[in-house]
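Sequential numbering from 1 along the given sequence is applied to the chain's residues.
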Amino acid sequence: MTVEIPAELQPTLAVLSAITPFASVAGRIDEQRELARWLEAWIIRELGGTPVITVSQQSAGDAPPLVHLRIDMQAAKTLVLYNMYDVMPAGPEGWEHPPFSGGFSDWPGIGAVFVARGAENNKGPLAGMLTAIKSLRDSGALRVNLEIILEGEEETGSGHLRRYLAQTPCPVAPADAVFFPSLCEYGGGEPRVYLGFSGLSGGRIEVNAGKWGGPHAAIHASNANWIANPVWHLVNALHAIAPAKDNGVMARRQTDEQATRLLTTLADRFSIEDELRFRRSEKLSVHGDTLACLQQLINGAVLNISEIRSDPSDARGVIPHRASAEFALRVPPGIDGESLLNDIRETLARPEFSGVTLTLDDSYPGHRFLRESAGVDALLASYQAQGATPQIWPWAPGCAPAYTFAHVSEAFLIGGLGHGGNAHGVNEFVTLRGLARFQQSVTDWIQFFSNDTSFSTVTE
């Protein structure tokens, strides 16, 4: 199939096509290092960036290296541009094009798309961000100092980045704003501006049967009337932590005055039906009017169980000797995630849960900033410049390591026009029209921010 590529997108798609083949997924450290080297070399060559720490300096260990370069324009303002080069795994089944090669398609009702793992999340936006900077620099329109930080662990908790920024002194000097360019016209709808992000704690809850009286090794299931099964022990522990009837919600907080005001404005034009149109076949837990549903979406700390495993896992006729559940605890700003983890530990310390342990891989808190923070008006104006009316959310239901930049800048903004979809799924895509809108919005945002223009933007 032949898809016509607009001239202004050819440099972006050249970068995207170059970085797509790197299978930069968790555990593929060699692929991640190679991609980090490629990105570092491109930024040095095309943007004149100076490494703050080189990829080669981080070659030891199993953490994907950071790409951190500085572009000093001797400007009055400094902007941190953060992005990610890691993606989720992908097998070949069901894809129109191989996920780590990518290709173009023309979809009814959507139009021309580029399909590949990372096309939406977040290699497509990364490529657009880099080429937007290049166009500004080449034209002499870049009038802000830039710190570019790219990481390879966003999907797994950003541990290396958080440790890097926690150093004293911080490798990043105080900046006016931090910007995470991403496609924010979700489903092709109105673009979003989030004034904060939820925190995340991830790990697993495990039962080793030999430690509480179950089998020390897998045993024939004919003994099930006599011998306890660690999977049932695990299920009981999970139910005690977060009852299934609450869908894993461990705590809720009432939205404060500013958050309620923002959500009330949002509810006037927000369509629950449109938001859920891709989920109609799923069992939903949505109740009340639009405002109540929006509050429900963002104000709960929820324990999500993504996988329950037993060992052995492929033998139906045995009682396993080990069981585990992978979890992600998503906690909005204003709820103490560490306190919830302590509640889980106290529950598992009860005698009836002997042998059940919690292993925490990583954890970071939620973070929130004010509507008046630097850069917010410029982001809103970049949307309006292309005729878009943004939605302003008090914080995102999703997670991002925004807090780790809090001592660098008060504002951590995720933003950008553009429509993509199927992130983490089969046939992940970005529309070519959306990629063009994204690149223009990033260009506008940087220029509006650096020029300190007065804006007539969307109000609350």
Report the C-alpha distance between Q386 and S441 in whole Å, list the side-chain angles of each, state the deciding distance to 0.1 Å, and finish with yes or no for side chain to side chain donor-acceptor pair (under 3.5 Å). CA-CA 8 Å; Q386 294 190 63; S441 69; 4.8 Å; no
Under the side-chain contact (heavy atoms from CB on, under 4.5 Å) criterion, do I205 and I241 qualify, and how do the steps go? CA-CA 11 Å; I205 297 169; I241 292 168; 3.7 Å; yes
Could you go through I446 and V144, starting from their C-alpha distance and side-chain angles, then the distance that decides it, and tell me whether this counts as side-chain contact (heavy atoms from CB on, under 4.5 Å)? CA-CA 8 Å; I446 294 174; V144 63; 3.8 Å; yes
One pair to check against side-chain contact (heavy atoms from CB on, under 4.5 Å): F114 and V3. What are the steps and the verdict? CA-CA 10 Å; F114 180 75; V3 172; over 6 Å; no
Take L195 and L262 through the test side-chain contact (heavy atoms from CB on, under 4.5 Å) and record every step on the way to the result. CA-CA 10 Å; L195 304 180; L262 290 168; 3.9 Å; yes
Run the side chain to side chain donor-acceptor pair (under 3.5 Å) test on N83 and E151 for me, step by step, so that the C-alpha distance in whole Å, both residues' side-chain angles and the decisive distance to 0.1 Å come before the verdict. CA-CA 7 Å; N83 223 302; E151 69 155 321; over 6 Å; no
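In this structure, a donor-acceptor pair under 3.5 Å is absent between the side chains of H419 and E120. No hydrogens or angles considered: a donor-acceptor pair under 3.5 Å links the side chains of Q295 and T255. Side chain to side chain, T359 and E206 meet the donor-acceptor criterion of an N or O pair below 3.5 Å. The closest side-chain donor-acceptor pair between E40 and H68, if any, does not fall under 3.5 angstrom. A side-chain N or O of T54 and one of Q57 form a donor-acceptor pair less than 3.5 Å apart.
Test L150, L69, I44 against L39 for side-chain contact (heavy atoms from CB on, under 4.5 Å) and you get one pass: L150. With F179 as the partner, the ring-ring contact (aromatic ring centres under 6.0 Å, His included) test is satisfied by one option alone out of F449, F448, W445: W445.
Considering only residues two or more places apart in sequence or on other chains, N145 meets the side-chain contact (heavy atoms from CB on, under 4.5 Å) condition with D72, M73, A75, T78. Residues satisfying the side-chain contact (heavy atoms from CB on, under 4.5 Å) test with I305, not counting sequence neighbours, are L238, L303, I308, A325, F327. Annotation: ring-ring contact (aromatic ring centres under 6.0 Å, His included) contacts of Y82 (sequence neighbours excluded): F180, F405, F412. Residues that satisfy the side-chain hydrogen bond (donor to acceptor under 3.5 Å, both in side chains) test with R309, not counting sequence neighbours, are absent from this structure. Residues that satisfy the ring-ring contact (aromatic ring centres under 6.0 Å, His included) test with W395, not counting sequence neighbours, are absent from this structure. Scanning for salt bridge (charged side-chain N to carboxylate O under 4.0 Å, His left out) contacts around D362 gives R162, with sequence neighbours left out. Annotation: salt bridge (charged side-chain N to carboxylate O under 4.0 Å, His left out) contacts of R70 (sequence neighbours excluded): E147. In this structure, the salt bridge (charged side-chain N to carboxylate O under 4.0 Å, His left out) partners of E338, at least two apart in sequence or on a different chain, are R345. The salt bridge (charged side-chain N to carboxylate O under 4.0 Å, His left out) search around R252 returns none, not counting sequence neighbours.
Within the structure, the ring-ring contact (aromatic ring centres under 6.0 Å, His included) test picks out no pair touching residues 289-309 (sequence neighbours left out). The side-chain hydrogen bond (donor to acceptor under 3.5 Å, both in side chains) pairs that include a residue from residues 427-438 are R117-E428, E185-R437, where partners are two or more places apart or lie in different chains.
Looking at heavy atoms from C-beta onward, Y85 lies out of side-chain contact with I19 at the 4.5 angstrom threshold. Between V193 and L380, the closest side-chain pair of non-hydrogen atoms falls below 4.5 Å. By the 4.5 Å heavy-atom criterion applied to side chains, L47 and L146 are not counted as neighbours. In this structure, V67 and I43 have side chains that are in contact, with non-hydrogen atoms separated by less than 4.5 Å. In this structure, the side chains of L291 and C293 stay at 4.5 Å or more apart for every pair of heavy atoms. Here the side chains of N122 and S182 are in contact, with some heavy-atom distance below 4.5 Å.
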Donor-acceptor contacts under 3.5 Å from residues 87-104 side chains, at least two apart:
residue	atom	partner	partner atom	Å
W95	NE1	G91	O	3.1
E96	OE1	S105	OG	2.7
E96	OE1	W107	NE1	3.2
E96	OE2	W107	NE1	3.1
H97	NE2	F104	O	3.0
H97	NE2	S105	OG	2.9

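Summarising the local packing, CD of Q10 is surrounded by more than 12 heavy atoms from other residues, nucleotides or ligands at distances under 6.0 Å. Within 6.0 Å of CD in E307 there are more than 12 heavy atoms belonging to other residues, nucleotides or ligands.
Closest approach of E31 to P21, counting heavy atoms only: OE1-O, 4.1 Å. For C170 against H407, the heavy-atom pair with the smallest separation is SG-NE2, 3.7 Å.
Salt bridge present: D256 and R368 bring a charged side-chain N and a carboxylate O closer than 4.0 Å.
Atom-to-atom distance recorded for W393:CH2 and C184:SG is 12.0 Å, nearest 0.5 angstrom. The distance from atom OH of Y403 to atom OG of S158, rounded to the nearest 0.5 Å, is 9.0 Å.
Using bins of under 30°, 30° to 60° and over 60° for the plane-to-plane angle, the ring pair W42/W38 lands in the parallel bin.
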